[in-house]
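Notes to accompany the following structure.
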Amino acid sequence: MESLRKYLDKIKPNFEEGGKHPKLKSTFEAFESFLFVPNETTGAKGAHIRDAVDLKRTITMVIIALLPALFFGMWNVGYWHHAMTGEEAGFFSNLFYGLGQVLPIIAVSYISGLFLEFMFAQIRKEQVNEGFLATGLLIPMIVPVDCPLWMVAVATMFAVLIGKEVFGGTGMNIVNPALLARAFLFFAYPGKMSGDKVWVAGYGDADKVVDGFSGATPLGELAHGTAFDALTAGNEQLSVLDMFLGYMPGSIGETSTLCILIGAIFLICTGVASWKIMFSGVLGVLAMGALLNVFGTEAYTQIPFWSHLLLGGFAFGIVFMATDPVTAAQTETGKWIYGFLIGVVAILVRVVNPAFPEGVMLAILLMNVCAPLIDHIVVRQNVNRRLNRAKAAVASK
Amino acid sequence: MAQTKNSELIKNPLNLNNPITVQVLGICSALAVTVKLEPAIVMAISVTVVTALSNLIISLIRNTIPSRIRIIVQLMVVSFLVILVDQVLKAFMYELDKALSVYIGLIITNCIVMGRLEAFALGNKPLPALLDGIGNGLGYGLILVIVAFVRELFGSGQLFGFQIIPQACYDLGYENCGFMLNPPMALILIGVVIWIQRSKMKELQEK
């Protein structure tokens, strides 16, 4: 540690004004603060206290919370691949196969995104922000495992450029960049982002597939009119416990509600994510699911209302995407409305609109855009309430 | 305004005073007709003809129009020109006219045409008005061509209907970007053009 610090101090003058590489200053700073706590304290006249929990620590918490779902996702990738080819495989060979499939996607997403982040930081002479470290891990977790790497790169760059940099970088974006990448992929390359071939690694060009194997996600099957009790994963019956634990094909990180729940508890305990958004989101799903149960006429609307929580990307979306503090509603009342509407719209799109098998992505993006409006209404209401109170007080005197 | 050089009247709308990226007029048709280059260019020429001639005609009769009914007179002139353009296209380029469908007719409501009539032709002599119309039409066309170029190249892999991206790329796993064919992408592309233009030109940056 000591020698590393000394080495950094030695090369630091190179990046100052007048040094050899003044243009790379923000790159150097990014790596320095990656290795050491930034050496900044509140000035003698400062009115605020500088906390040790900066953006970097917050993002680290998010990444730790993502790990259970990520590792389960890797195992799941290996499991379904081997189930498709009919090979016998143990726990570790499943995990390592998944690792081999998922790591390249993570690497591509980080490299392409960080390249743009560093480039813009240099041009604007700003610090490199850590926000992308979470985005770069979220993107691989919400794409199908068979998504070609170049598509991941294009989508990541699009998201960083159009989702973030045009608005001024981390903390200024209107919509969640990871979801924007997912939405871009969905609309640009629908063939690679939906259907029943893309969710199992190597299914698209497999020579031999086990008899009766289907790579469709439960939501895909439901959209095609399969009854809830007859849902399958691969060639087996899918039980409710399987749905909760995540033994089903789907995007890499979103299948296991259990692992996401662990992440959610971690995020709530560390105070990173808002429990109000998560809780009201769950309420929204249950309300909309129940409403469809009562008034719906098609088979799809009659599936148990709570099962919407276990299927598809809702759990992942509401825990890791909707709670993004930049794009979510900021007021406390606003968070309830924002989360609730995400749940309602997600299930509405999922069940009622046949063009989209899953609505969570669209629901969160839509509510991201509406979040400032929700905040505005909440703040105005508060202002009006206090104004009325003041008026009443004046009138009674 | 009267002192502006004639060459400036053509040049300004191409860049510093571009109808789409600076005045932000005529966005609607720019989103609709830019999926492919060919209709985009036909559209650009049609709009140029209409703006130029309507500017000229309105400028010629500007002193005789009572100002209370000037919008009606302008609409008469513009719709007469648009119908002419539409008939010419129907006669000589029937397929393209079908592809552009209602958008030729909607040139009447294109904000650039009315905008230039109100802002320029009513107060200037015929020659500058004609040049201003040509300039604004070309400025509109320039953005249309840029957007259509990107959208056709990445959305269909073609330019003017000819395959540009070789089959070998598709065999390697390349796919056309379906999002490019959707109007939202045109909006994003125009946004990017505005972004690049403003970051290059200091005069356009708002403080």
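In what follows, chains carry the letters A, B, and so on, assigned in the order in which the sequence lines appear, proteins first and then strands, with residues in each chain numbered from 1.
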**Message:** Gln167(B): which residues meet the side-chain contact (heavy atoms from CB on, under 4.5 Å) condition with it, sequence neighbours left out?
**Reply:** Tyr170(B), Asp171(B)
**Asked** In terms of ring plane angle, is the pair Phe184(A) and Phe179(B) parallel, tilted or perpendicular, where the classes change at 30° and 60°?
**Response** perpendicular
**Message:** So for atom CZ, which belongs to Phe154(B), do other residues, nucleotides or ligands contribute more than 12 heavy atoms lying within a distance under 6.0 Å?
**Reply:** no
**Asked** Looking at Phe187(A), Trp150(A), Phe186(A), which has the largest count of heavy-atom pairs under 4.5 Å with chain B?
**Response** Trp150(A)
**Message:** For Met114(B), I'd like to know if atom CE has over 12 heavy atoms of other residues, nucleotides or ligands within 6.0 Å.
**Reply:** yes
**Message:** How about CZ on Phe118(A), more than 12 heavy atoms from neighbouring residues, nucleotides or ligands closer than 6.0 Å, or not?
**Reply:** yes
**Partner set under salt bridge (charged side-chain N to carboxylate O under 4.0 Å, His left out) for Glu152(B), not counting sequence neighbours** = none
**Prompt:** Is the number of heavy atoms from other residues, nucleotides or ligands within 6.0 Å of CZ (Phe115(A)) greater than 12?
**Reply:** no
**Message:** Report, in residue-number order, which members of residues 188-199 of chain B are under 4.5 Å from chain A by heavy-atom distance.
**Reply:** Ile188(B), Val192(B), Trp195(B)
**Message:** Tell me every residue that passes salt bridge (charged side-chain N to carboxylate O under 4.0 Å, His left out) with Asp97(B), counting only those two or more places apart in sequence or in another chain.
**Reply:** Lys90(B)
**Request:** Might you point out which heavy atoms bring Phe158(A) and Met185(B) nearest each other, and give the distance in Å?
**Result:** CE1-CE, 3.8 Å
